[in-house]
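Positions are given from 1, in the same order as the sequence printed here. Just so you know, ligand 1 is whichever comes first in the structure, and atom 1 is the first atom listed for that ligand. What's counted below: heavy atoms across the whole structure, side chains too, no hydrogens, waters or symmetry copies.
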Amino acid sequence: MPRNGVHPHKEFEGIYLIEGEGEERLGTRSLAPGENVYGEEIVKVGDEEYRIWDPFRSKLAAAILKGLHKIPIKEKSKVLYLGAASGTTVSHVSDIVGREGRVYCVEFAQRSFRDLVNNVSKNRINTVPIFEDARFPSRYRTLVSEVDSVYCDIAQPDQARILAENLDTFLDPGNEFLMAIKARSIDVTKDPNAIFRQEADILKKRGYAIEEMVRLHPFEKDHCMVRGGK
Ligand SMILES: C[S@@+](CC[C@H](N)C(=O)[O-])C[C@H]1O[C@@H](n2cnc3c(N)ncnc32)[C@H](O)[C@@H]1O
């Protein structure tokens, strides 16, 4: 008899709601049982291991809890992930897309990249770590085959432009992207809402549609998740 109840999320494939300690928390089924990536809680149910997905550590989890309507990441998806850092969110994306999916993880900070390789990619064959600068998609063009979606979390002042360069290179019509915006990385003096609109406008001018924007408060201050498409 399982100690904790685990239910598939009603809207999102590969994401689970896990009961425990009087509440329901987000989780993903581990593709690498026995491995802990960032100190996350592990819940065992029968032979399976589920990893609690902390919305205070991962903006994608925060966006889901804040009501994002759609996630262009599901089983078998091929995802280009810009700003992989040490792999906290990458590890959950890897769980979601599963063995037949791929997560191309672009990161340019040496230390984070080393942690990404040692703590995540070593145990997850569906991740492809790419030590590169996201400003130059042509440098990793040959390492990335077709992708279904692009996830961007690079916290750079010109991140909308950088994302657009990658979308121009990798995204086919009909496919979608997510971008996490941290207002303070762009301009500390401006109203965060004005910054979110300004970033969305940059993508619109590059020919991309904005489908929804979700504020991540209280999990992240002055952050927003944008979903859009080609
Ligand atoms: C906010 S952190 C990402 C957190 C991560 N997405 C997560 O949820 O686990 C931003 C990361 O983007 C990386 N980054 C920033 N600019 C970049 C660029 N031009 N190319 C590649 N990585 C970049 C930084 O080194 C940093 O690790």
Side-chain angles (χ1 to χ4, degrees), residues 15 26-28 31-32 35-40 51-66 68 71-73 79-97 103-121 123-124 126-141 143-144 147 149-170 177-186 188 192 195-196 199 202 214 216 219-227:
I15 298 176
L26 284 183
T28 56
L31 196 64
E35 300 295 333
N36 194 287
V37 176
Y38 60 102
E40 71 278 17
R51 304 166 53 239
I52 300 293
W53 196 359
D54 185 348
F56 290 96
R57 300 285 301 276
S58 170
K59 287 159 220 154
L60 184 53
I64 293 167
L65 291 179
K66 288 301 306 285
L68 192 74
I71 307 171
I73 297 172
V79 182
L80 174 61
Y81 192 121
L82 307 174
S86 52
T88 300
T89 301
V90 163
S91 67
H92 289 286
V93 172
S94 157
D95 286 345
I96 295 168
V97 304
V103 193
Y104 298 98
C105 312
V106 179
E107 174 56 53
F108 76 170
Q110 203 164 17
R111 199 188 172 128
S112 297
F113 186 77
R114 195 181 55 209
D115 291 345
L116 172 74
V117 171
N118 289 335
N119 301 337
V120 178
S121 297
N123 309 309
R124 294 167 176 275
N126 65 357
T127 62
V128 180
I130 300 174
F131 186 51
E132 263 301 352
D133 187 332
R135 283 176 291 194
F136 306 107
S138 58
R139 291 190 189 161
Y140 45 91
R141 180 77 195 89
L143 299 175
V144 179
V147 301
S149 55
V150 178
Y151 184 88
C152 179
D153 181 18
I154 53 176
Q156 291 282 359
D158 56 344
Q159 66 172 11
R161 186 193 61 76
I162 296 173
L163 172 61
E165 300 293 330
N166 280 272
L167 297 177
D168 290 353
T169 309
F170 296 105
F177 63 85
L178 290 172
M179 175 172 70
I181 307 174
K182 177 181 178 180
R184 276 175 299 156
S185 300
I186 294 167
V188 282
I195 293 174
F196 301 148
E199 295 304 288
I202 293 171
V214 175
L216 304 185
F219 304 112
E220 295 278 3
K221 192 171 182 282
D222 297 337
H223 280 67
C224 165
M225 185 68 78
V226 179
R227 179 174 64 85

Exercise. With atoms numbered from 1 as shown, which atoms in ligand 1 lie under 4.0 angstrom from a non-hydrogen atom of Glu132?
Worked result: 20 (N), 21 (C)
Exercise. Is any side-chain heavy atom of Asn36 less than 4.5 Å from a side-chain heavy atom of Glu40?
Worked result: yes
Exercise. Which residue and non-hydrogen atom of the protein lie closest to atom 19 (N) of ligand 1, and at what distance in Å?
Worked result: Asp133 OD1, 2.8 Å
Exercise. So is there a nitrogen or oxygen of Asp153 less than 3.5 Å from a nitrogen or oxygen in ligand 1?
Worked result: yes
Exercise. Nearest to atom 13 (C) of ligand 1, what protein heavy atom do you find, and at what distance?
Worked result: Glu107 OE1, 3.3 Å
Exercise. Is the shortest distance from a Lys or Arg side-chain nitrogen in Lys182 or Asp153 to a carboxylate oxygen in the other one below 4.0 Å?
Worked result: no
For this session: Could you list the residues that satisfy side chain to side chain donor-acceptor pair (under 3.5 Å) with Arg135, not counting sequence neighbours?
Result: Asp133
Problem set entry | Interatomic spacing from CD1 in Ile154 to OH in Tyr81 - rounded to 0.5 Å | 11.5 Å
Exercise. Which protein non-hydrogen atom lies closest to atom 9 (O) of ligand 1, naming both residue and atom, and how far is it?
Worked result: Thr89 N, 3.2 Å
Seminar exercise, completed: min-distance protein heavy atom vs atom 3 (C) of ligand 1 -> Gly83 O, 3.3 Å
Exercise. Which residues pass the side chain to side chain donor-acceptor pair (under 3.5 Å) test with Asn119, sequence neighbours left out?
Worked result: none
For this session: Provide the number and element of each atom of ligand 1 under 4.0 Å from a heavy atom of Ala85.
Result: 3 (C), 4 (C), 5 (C), 27 (O)
For this session: Could you tell me whether His223 and Phe196 have their ring centroids closer than 6.0 angstrom?
Result: no
For this session: For ligand 1, find out whether one of its N or O atoms is nearer than 3.5 Å to an N or O atom of Ala134.
Result: yes
Problem set entry | Sub-4.0 Å heavy-atom approach of Tyr81 to ligand 1 | yes
For this session: Verify, without hydrogens or angle tests, whether Asp222 (side chain) and Pro192 (backbone) share a donor-acceptor contact under 3.5 angstrom.
Result: no
Exercise. Which residue owns the protein heavy atom closest to atom 14 (N) of ligand 1, what's the atom, and how far is it?
Worked result: Phe108 CE2, 3.5 Å
Exercise. Among protein heavy atoms, which lies nearest atom 1 (C) of ligand 1, and at what distance?
Worked result: Lys59 NZ, 3.4 Å
For this session: Measure the CZ-CZ distance between Phe131 and Phe113 for me, rounded to the nearest 0.5 Å.
Result: 7.0 Å
Problem set entry | Ser58 N/O under 3.5 Å from ligand 1 N/O | no
Exercise. Going by the order shown, which atoms of ligand 1 are within less than 4.0 Å of some heavy atom of Ala109?
Worked result: 25 (O)
Exercise. Looking at atom 16 (N) of ligand 1, what's its closest protein heavy atom, distance included?
Worked result: Gln156 NE2, 2.7 Å
Exercise. Asp158 side chain to Arg161 main-chain N or O, any donor-acceptor pair under 3.5 Å?
Worked result: no
Exercise. Looking at CZ of Arg57 and OG1 of Thr88, how far apart are the two atoms once the value is rounded to the nearest 0.5 Å?
Worked result: 5.0 Å
Exercise. Taking non-hydrogen atoms only, is Lys182 closer than 4.0 angstrom to ligand 1 via side chain, backbone, both or neither?
Worked result: neither
Seminar exercise, completed: For Ser91 and Arg51 the tightest heavy-atom approach is OG-NH2, 2.7 Å
Exercise. Do any nitrogen or oxygen atoms of Tyr151 come within less than 3.5 Å of a nitrogen or oxygen of ligand 1?
Worked result: no
Problem set entry | For atom 15 (C) of ligand 1, the protein heavy atom that lies nearest, with its residue and separation | Ile154 O, 3.2 Å
